[in-house]
Amino acid sequence: MNHNIFGFHPGTSIIHRLTGTTKLVIFLALTIFGSLSFDLRYLILLSLVALVALYVAKIKWADVRTIVWLVTIFAVINLILIYVFAPQYGVQLFGSKTVLFGSGHYALTFEQLYYEFIVFVKYLFAVPLALVFLLTTNPSEFAAGLNRIGISYRVAYAVALALRYIPDIQVSYQTISKVQQARGHDLSKKASLWKRLKGALGIMVPLMFASLNQIDAVSQAMDLRRFGKQKRRTWYYDQSFARIDWLALGFAVALIALEMYLLWQNGGRFWYPF
């Protein structure tokens, strides 16, 4: 099993064959327009597109299970907090009030449920879209894509190093964890919370120092090779646009055009048909 949460997963799918620039532009465009929209129809369409892309990329559930559960927990907590601190926000947005349960300030209304469902659907499209982008894009290819859209290659390379380093941190964590368990530290669910916290501390401290050592080694290696001296650089993973890239970009443009039309038709970002 691949234990990397954000590590690059090589493949031969159509999405893997897209250039890093294409995937970056589509990811940023759909994320921005999806975040701005509160039209449930458009968000459901983006969710279907993201889920289909996740399926086409052949990303296994075991590879994304951890991050999906973490985001789901965060989303549920966020929805609860929205209701706790702004239980009538949906009423203010949509200009009507249909009480389903209770009374007073914390009365549960249909409008509030509708608004919170929209927020949930935003997670439903954003998480698969981010997973597809992160798991199908080689970090070096991603850096080349950033540089192609105008971002400094120094910044692009720093982002690529960060993405490359995430799987290394996971491997180091697993290695240190096994060493600590071999020394007698019980980190299983059977141990008490205090022992597990102490065990976690015993992992995090050496992990932090190991990470700092690796960062220092990479920095010195880059300095010795005079990284950053030139204004421009070439990329080993730089790719030319193919027909499939233009088709993907055209599809993204169509989705953006649809959102612009819905904004004009609705007279704003919100759509409430009830």
Side-chain angles (χ1 to χ4, degrees), residues 1-9 11 13 15 23-24 26-90 93 100-101 106 108-137 142 162-163 165-167 169-171 173-174 177 187-190 193 196-197 200 203-204 255 259 269-271:
M1 181 186 297
N2 193 334
H3 295 283
N4 292 339
I5 296 178
F6 290 118
F8 168 59
H9 293 231
S13 69
I15 296 177
K23 285 183 277 191
L24 176 62
I26 293 176
F27 170 70
L28 292 177
L30 295 187
T31 299
I32 291 172
F33 278 89
S35 300
L36 292 174
S37 176
F38 281 85
D39 190 319
L40 187 58
R41 299 167 297 179
Y42 184 70
L43 293 174
I44 290 177
L45 175 61
L46 287 186
S47 299
L48 292 175
V49 170
L51 292 173
V52 169
L54 196 66
Y55 175 77
V56 171
K58 298 179 181 179
I59 296 174
K60 299 178 181 179
W61 167 247
D63 296 332
V64 299
R65 178 176 54 197
T66 302
I67 189 62
V68 169
W69 281 116
L70 289 174
V71 173
T72 301
I73 293 172
F74 174 80
V76 171
I77 294 174
N78 184 45
L79 294 175
I80 293 174
L81 291 177
I82 289 175
Y83 180 75
V84 170
F85 291 103
Q88 300 301 316
Y89 187 66
L93 286 177
L100 299 177
F101 180 77
Y106 281 98
L108 181 62
T109 63
F110 176 80
E111 290 77 10
Q112 184 68 18
L113 286 178
Y114 183 78
Y115 167 73
E116 297 205 13
F117 181 68
I118 291 176
V119 175
F120 175 77
V121 176
K122 283 178 177 286
Y123 286 104
L124 189 61
F125 96 83
V127 174
L129 194 65
L131 288 173
V132 169
F133 175 69
L134 290 170
L135 300 182
T136 64
T137 308
F142 175 49
L163 290 176
Y165 194 50
I166 291 174
I169 292 178
Q170 296 176 60
V171 172
Y173 178 87
Q174 293 166 10
S177 175
L187 303 177
S188 65
K189 295 180 180 180
K190 297 180 181 179
L193 179 60
R196 290 167 66 183
L197 288 174
I203 295 174
M204 298 308 297
L255 290 175
E259 167 62 3
R269 296 188 298 157
F270 297 91
W271 176 72

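Residue numbers count from 1 along this sequence. No experiment lies behind these values; they were computed from the predicted model shown.
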- request: Give the minimum heavy-atom separation between Leu36 and Arg269, together with the two atoms involved.
  value: O-CD, 2.8 Å
message: Tell me every residue that passes ring pair (Phe, Tyr, Trp, His ring centres under 6.0 Å) with Tyr55, counting only those two or more places apart in sequence or in another chain.
response: none
field: Residue list, ring pair (Phe, Tyr, Trp, His ring centres under 6.0 Å) with Phe117, at least two apart or on another chain
entry: none
statement: Phe125 and Ala50 have their tightest heavy-atom pair at O-CB, 3.6 Å
task: Give, for atom CD1 of Ile118 and atom CD1 of Ile44, the distance between the pair rounded to the nearest 0.5 Å.
output: 9.5 Å
- request: For Phe27, check ring pair (Phe, Tyr, Trp, His ring centres under 6.0 Å) against everything at least two apart and list the hits.
  value: Phe133
task: Starting at CG of Leu30, measure out to OG of Ser37 and round the result to the nearest 0.5 Å.
output: 12.0 Å
task: Report yes if some heavy atom in the side chain of Leu255 is under 4.5 Å from a heavy atom in the side chain of Leu45; otherwise report no.
output: yes
message: Listing request: all salt bridge (charged side-chain N to carboxylate O under 4.0 Å, His left out) pairs with a residue in residues 33-52, at least two apart in sequence or in separate chains.
response: Asp39-Arg41
Phe120 atom CZ, neighbour heavy-atom count above 12 within 6.0 Å: no
Closest contact, heavy atoms only, Thr136 versus Ala57: CG2-CB, 3.8 Å
query: Who are the side chain to side chain contact (heavy atoms under 4.5 Å, CB included) partners of Ala53, not counting sequence neighbours?
result: Ile15, Val132
- prompt: Which residues satisfy the side chain to side chain contact (heavy atoms under 4.5 Å, CB included) test with Trp69, sequence neighbours excluded?
  reply: Trp61, Arg65
Distance (rounded to the nearest 0.5 Å) between Ile59 CD1 and Leu54 CG: 4.5 Å
statement: For Ser13, the side chain to side chain donor-acceptor pair (under 3.5 Å) test, sequence neighbours excluded, returns His16
- prompt: In Å, rounded to the nearest 0.5 Å, how long is the span from CG of Leu43 to CG of Leu48?
  reply: 11.0 Å
Among Tyr42, Phe38, Tyr114, ring-ring contact (aromatic ring centres under 6.0 Å, His included) partner for Phe270: Phe38
message: Checking Leu51 now: which residues fulfil side chain to side chain contact (heavy atoms under 4.5 Å, CB included) with it, not counting sequence neighbours?
response: Pro128
- request: Decide yes or no for Val68 and Leu131: does some side-chain heavy atom of the first lie under 4.5 Å from some side-chain heavy atom of the second?
  value: yes
- request: Nearest 0.5 Å please: distance from the CG atom of Leu93 over to the CD atom of Gln88.
  value: 11.5 Å
- prompt: How long is the span from the CD1 atom in Ile82 to the CD1 atom in Ile77, to the nearest 0.5 Å?
  reply: 12.5 Å
message: Before you tell me yes or no, could you show the steps for Phe33 and Leu46 under side chain to side chain contact (heavy atoms under 4.5 Å, CB included), namely the whole-Å CA-CA distance, both residues' side-chain angles and the distance that decides it to 0.1 Å?
response: CA-CA 10 Å; Phe33 278 89; Leu46 287 186; 5.9 Å; no
- prompt: Could you give all pairs that pass the side-chain hydrogen bond (donor to acceptor under 3.5 Å, both in side chains) test and reach residues 115-135, with sequence neighbours left out?
  reply: Asn78-Tyr123, Gln112-Glu116
task: Apply side chain to side chain contact (heavy atoms under 4.5 Å, CB included) to Leu28 and list each qualifying residue two or more places apart in sequence or on a separate chain.
output: Leu24
